[in-house]
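As structure tokens, the structure follows; a few thoughts come after it.
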Amino acid sequence: MSGFTISRRTMLAGSAALLASTAMPVIGWAQTPKKGGRLVVAADSEPRNLNPAIVASNGVFFISSKVVETLAEASFDGKDGLQPRLALSWEGAADGLSVTFKLRDGVIWHDGKPFTSADVAFSALQIWKPLQNLGRTVFKDLAAIDTPDDLTAVFKFAKPTPFQLIRNALPALSSVVPKHVYETGKIEENPANNAPVGTGPFKFAEYKAGQYYRLAKNTDYWGKDEPWLDEIVYQVLPDRTSAAAALEAEEIQLAAFSAVPLADLDRISKVPGLKVITKGYEGLTYQLVVEINHRRKELADVKVRQAIAHAIDKDFVVKTVFLGYAATATGPVPKNDPQFYTADVPTYAFDVTKANALLDEAGYKKGPDGNRFSLKLLPAPYFNETKQFGDYLRQALAAVGIDAELVNNDSPAHIKAVYTDHAFDLAVGPPVFRGDPAISTTILVQSGIPDGVPFSNQGGYKNEELDALIAKASETLDTAARTELYKEFQKKVAADLPLINVAEWSFISVARDTVGNIANNPRWAVSNWADTYLES
Amino acid sequence: MTRALILLRRRLVGSIFVLLIVIIGTFLLLEAAPGDAVDAYIVSTGGDAGMIELLRHRWGLDQSELTRLANYLWALLHLDLGHSVTFSRPIREIILERLPTTLILMGSATALSFGLGSALGIYAGAKPGSFRDRFLSIGSLALYAVPGFWLGLVLIVIFAVDLRWLPIGGIESLASDKTGLARAADIATHLVLPVSALGFIYLALYLRMMRAGMAEAWRQDFVLAARSRGLSRRRIVLAHVARNALLPLVTMLGLQSAQMLGGSVVIESVFAVPGLGRLAQEAVAGRDTPLLLGIILTSAVLVIVINLLVDVAYAFLDPRVGASEAGA
């Protein structure tokens, strides 16, 4: 662990002490754990498909990760940042052609059938590889799975696949669903996609559209004395202001994923009985990125891109847009990543004079109206912060003589404009770093991606050297060598700026003081909550 | 009775054309919006080119607009509203699930704004130009000017957060196993705030209309006649002045039903009420054309039925209405 995703001012000071204490289940709040109770949580959306094996996304995990478990979960202190779930151990062969998983014994599905290696083989080959949004990339070379016995699954790859990548993908990509439920009929149309069956600490009990999801305790859970809670109810609250009000009125006990807007946190942290928690999202880092359309001749010039990087005051963005709940970025891997991050990259200090000089050098002199050229700027509408940064960027560009016209769209229109129609010059996007650059990061700068693929390089950027580096890293088996290649990757991206990384942030939880064992792993909000409890 | 029937038949024939225009208009409007249901879906999931193509194919979005519109209309002819891609469920099922909630919310809010609005209107119109008249007129106008979501939030902060008298949102207590009367009481408690927020906004219209109608009626000769007959003031106000001012309010009631549906979009979001308005918003955000069409169709039918009822009621209340149509 080299740092925090969220550098809340006060927390940074004691980060060393906090890091040391992450091994302890409860941080700061002395509580007496209690069995039972109903935890009511705010949910802001209702995913159309609740099967995390098909849709590996935080919105789905938030609910389904309590029902359907993965082979391993992220951990603050476990080896390679992992802790066992359905798999007890994982071993990669030296040739990169196989990975052997030893599975947990005595696990049963919510419908009473035993969990075996056949379920793992079915999930991986029939779902992760052909259907899953992320698995289609990571498991593309998965050829077969041997199941010598009920508790052993050997993944066979057609091409050498780095074990490090598979390991890093386990927490998000390895949800195991029961073969006996899915083997008949079309997987995409299986009713269990909306009422998942798993091995997790909670069973899916009830869904009332527009109102709530209810999960009930799994009394046959493999974890000793777990789960602590009797029930989890997700109350659907589409309006963000009502989540804060519901917490204050004690109608809900937890709002995760920044359901309470940043601007309300200061006030709500002073309400007696409520706590604001910035931990527990270290494995879910969002990156604030300026996407660039290199088809524009001005933006195809690296000097112009560097000038834009110099024109952005990252500290100001963190302080003003994120109210301090973020960190400045140096490159395509976030600072809080324990494996790959390097600070040894070209940096661009906030320097308007230098930006102006670079633009002059590039041959774009200021016109009589003080403008050099005009651009179309499309901020992604998914987060308040991406929209606000769009407003900031317009002003920052104006200061160096670039006239940016803001174009605001709703989510589907933005996706189409940027990733299919390429109708942008600059866009503000929030890509996610998922623990390994090969999962969803290299795709942001790699060339040769078909039109219409969201959160990928659709800016027409092509750099053969960088493409070669990405290709090499994807087949380098040695962990140290592979890590080194990704450090090189960060340097190259920071030097050539196919996109500009501005800041890194994650989410905030607000909970009542009575909720215990919050944020005890780096993906807490999307983990299984087996040890979460309610104090009476 | 025949008068009402003839009216009904005429209206029904006209309604079908109205509905057809509404459907085609909505379809084209939503198609003109950039991005389709797959674009909306991949916002939260991402995905590669193959997956996106597969989704477009599976959701029928790789067909031309015209084919899809024709398919939709053909299915509609068989009373099939189609399948929602955002909810992956049959649309009729989703709408039937949400319709009662919206009907209760709208019905109660209409009753509140009509009842209280006309009562206050009578109170104000009993003495046009008096202090209470001015106070009520200005006060109701101020309420009308307030944005619905803001009124809703203020009510939440006061009654749900500070006083904790009422629940913050939802239509009933979560997973509470309540049945019968206890459940009805629970739902009623949950409806107090959203109904107030929605009802208070439209109250001004009825109040002002009633008041204006009464102010005019006061100048009529029959009022003078009533006075000269020595009737009590109370009787003049209620039986003569107010009664004559009431008829336009009934017309308004029909017109307002459409407005109310629009207002419920905001109120249902603020109060997390699972009704049609919120569903419509989700359908637009998800570019779920068939779902939005289903909702609009349902709303249109609702508005047409309400207006029909109003017309029929009117035909009974006022013998002049329908007489000419029956002769035509």
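In what follows, chains are A, B, ... by sequence order, proteins preceding strands, each numbered from 1.
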Report yes if the side chains of [X] and [Y] come closer than 4.5 Å at any heavy-atom pair, otherwise no.
X	Y	answer
B:Tyr41	A:Val55	yes
B:Asp36	A:Pro412	no
B:Met51	A:Val453	no

Worksheet item: Which pair of non-hydrogen atoms, one from A:Ala249 and one from B:Ala160, has the smallest distance, and what is that distance?
Response: CB-O, 3.5 Å
Worksheet, complete the sentence: Heavy-atom nearest pair, A:Arg48 first then B:Ser88, reads NH2-CB, 3.2 Å
Does [atom1] belonging to [X] count more than 12 external heavy atoms closer than 6.0 Å?
X	atom1	answer
A:Lys129	NZ	yes
B:Arg56	CZ	yes
B:Leu163	CG	yes

Any Lys/Arg nitrogen of [X] or [Y] sitting under 4.0 Å from an Asp/Glu carboxylate oxygen of the other?
X	Y	result
A:Glu46	B:Arg89	no
A:Glu250	B:Arg164	yes
A:Asp410	B:Arg287	yes

Interface moiety of [X] toward chain B, non-hydrogen atoms closer than 4.5 Å:
X	value
A:Val60	neither
A:Asn58	neither
A:Val233	side chain

Worksheet item: Relative to chain B, which of A:Ser411, A:Ser45, A:Pro47, A:Ser242 shows the most heavy atom pairs under 4.5 Å?
Response: A:Ser411
Item to complete: Go through A:Ala246, A:Ser440, A:Pro450 and name the one with the most non-hydrogen pairs under 4.5 angstrom from chain B.
Response: A:Ala246
Worksheet item: Given the options B:Ala285, B:Pro167, B:Gly169, which has more heavy-atom pairs under 4.5 Å with chain A than any of the others?
Response: B:Pro167
Item to complete: Could you have a look at B:Ala33, B:Gly35, B:Ser44 and say which one has the most heavy-atom pairs with chain A under 4.5 angstrom?
Response: B:Gly35
Discussion item. Would you compute the distance between atom CD of B:Glu97 and atom CD of A:Gln211 and round it to the nearest 0.5 angstrom?
Written reply: 8.5 Å
Discussion item. If I take atom OG1 from residue B:Thr45 and atom CZ from residue A:Phe455, how far apart are they, to the nearest 0.5 angstrom?
Written reply: 7.5 Å
Worksheet item: Only one of B:Asp48, B:Ile42, B:Val38 clears side-chain contact (heavy atoms from CB on, under 4.5 Å) with A:Pro454; which?
Response: B:Ile42
Between the main-chain N or O of [Y] and the side-chain N or O of [X], is there a donor-acceptor pair closer than 3.5 Å?
X	Y	value
A:Glu251	B:Ile168	yes
A:Arg136	B:Gly47	no
B:Asp39	A:Ile415	no

